[in-house]
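For reference, the structure is listed below as structure tokens.
As the structure is a prediction and not an experimental result, all values here were calculated from the model.
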There are 2 protein chains.
Amino acid sequence: MDTTQRTDQQRSADRRRRELLEAADRVVLRDGPQASMNAIAAEAGITKPILYRHFGDKGGLYAALAQRHTDALLDSLRAALDAPADRRERVEATLDTYLAAIEARPQVYRFLMHPAEGSAAPGDQGEQGFDVGKHSAPLLRRMGEELAQVIEERLDLGPGSQQLARVWGHGIVGMMHAAGDWWLGERPCGRAELVRSLADLLWGRLAAAGDRVGGPGF
Amino acid sequence: MDTTQRTDQQRSADRRRRELLEAADRVVLRDGPQASMNAIAAEAGITKPILYRHFGDKGGLYAALAQRHTDALLDSLRAALDAPADRRERVEATLDTYLAAIEARPQVYRFLMHPAEGSAAPGDQGEQGFDVGKHSAPLLRRMGEELAQVIEERLDLGPGSQQLARVWGHGIVGMMHAAGDWWLGERPCGRAELVRSLADLLWGRLAAAGDRVGGPGF
DNA sequence: AGACTCCTGTTACCGCAAGTAACATGCACG
DNA sequence: CGTGCATGTTACTTGCGGTAACAGGAGTCT
């Protein structure tokens, strides 16, 4: 029978694939998102065509790579979201988990946000269509959807709750992402303070704040 | 005297520059962010080296191009933000202005968000340093700072107000951006509804919502 | 054993886009 | 007239994504 053999082959191929991914990981960790296929192949001790046989094209490799990290991060976030604590604490824990992750591995984070910009084959017509909307990083989309689901499951939002939950999911994730990005660059404060500020924002302090009196002008 | 002459030359150079930018604009509007320098030069009726003389490198051109659109958008946003209305109305008007802009010109929007990914010269060593933090689009950063300033000017946030305002500025902009991006791709609802949902989020409805009872599980 | 197949690996190449060097031309000033 | 100087060109280099085409090695069938 050839099933055992095929299984064997598949197994070895999978192992190979994982090794290649780990090599790619190392390179991306070192060179950032613009790591070249040549560099990755060299790091893995092989040459380009093998990479292409395994992953199709650069987009494929990057997608596979991104999925690993995305899955890992999403697992952490789910844990924080599902902890048995009150809402505010859960929100803060989730924000903190995300920020800790991007703080720990900035290059990986950057790679996840800008996976494969170009990705146009030579013979390819280059997608005349707009392709708008898919522009965002898959990680952001997945986090948004995930959060939306949790919100919709847990909160009573009245009619149109599903729509609302999705808007909020993507909105909150975007808030977290942008604030985290800015914070990583400027480091204007500690992580805990950032977390508290963002939670305050979500808790409506913007709407509750009073107008400033005696400000400049009027 | 050469001042008049220099002025003349500078004037004509500036005119050329503007013409080139308009040509580039047309190409980007058509081809998206991956417009090639050759294509832009062709559209302008000239050849590559002239572009390089004017803008240095692709990053320079893209930066100049981005600045125009960013300035224009920021002007609209400032108008909405400074309108004589109550806070909720101003926030909604600002959100709506932004969303209307990205809805009207998706390619430009996309270009602004992913200006120049690669941008590494052949001989360049490619910035061994991390370069983390600058990864975000300049447009987002500028919007965040702008909003932060308005918040800090107008709201009474107590001690640490400046820090808080900046966090909120970037956070809100990120929320707007991510939600807008997702909305552009999926079009799950009308613009007005999206605006209302986001404003609700900022108004603390997330914290105020009750726990769902009779949900799946517990 | 020998032919067949499949997987792994290589070298050498194509096409394309960024960026540059070197050469040509029009035009003002002395 | 020649000397700058900006504008424009053609032709090139470099580097990267991606692809043929070829070269063993290991199991399989007859």
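Rounded to an integer number of Å, the gap from CG of B:D57 to C1' of D:dT14 is 16 Å. Atom pair B:K58:NZ and D:dC16:C1' shows a separation of 14 Å (rounding to whole Å applied). As rounded to whole Å, 10 Å separates atom P of C:dG19 from atom CG of B:L61. Atom CG in B:N38 sits roughly 16 Å away from atom P in C:dG15 (whole-Å rounding). What separates CZ of A:R17 from C1' of C:dT8 is a distance of 17 Å, to the nearest Å. In this structure, A:L20 places its CG atom 16 Å from P of C:dC7, rounding to the nearest Å.
Closest approach of B:V28 to B:Q107, counting heavy atoms only: O-CB, 4.1 Å.
Here the two rings, on B:Y62 and B:F111, have centers that are under 6.0 Å apart.
Under 4.0 Å is where a charged nitrogen must lie from a carboxylate oxygen, and between A:E19 and A:R15 at least one such pair does. At a threshold of 4.0 Å, the pair A:D75-A:R78 counts as salt-bridged, since one of the basic side-chain nitrogens sits closer than that to a carboxylate oxygen.
Here A:Q149 contributes atom CD and A:I151 contributes atom CD1; the two are 11.0 Å apart, rounded to the nearest 0.5 Å.
When the options A:E152, A:E146, A:E145 are evaluated for a salt bridge (charged side-chain N to carboxylate O under 4.0 Å, His left out) with A:R166, the one that passes is A:E145.
Of the residues in residues 42-56 of chain B, B:K48, B:P49, B:Y52 come within less than 4.0 Å of DNA chain C through at least one heavy atom, sorted by number.
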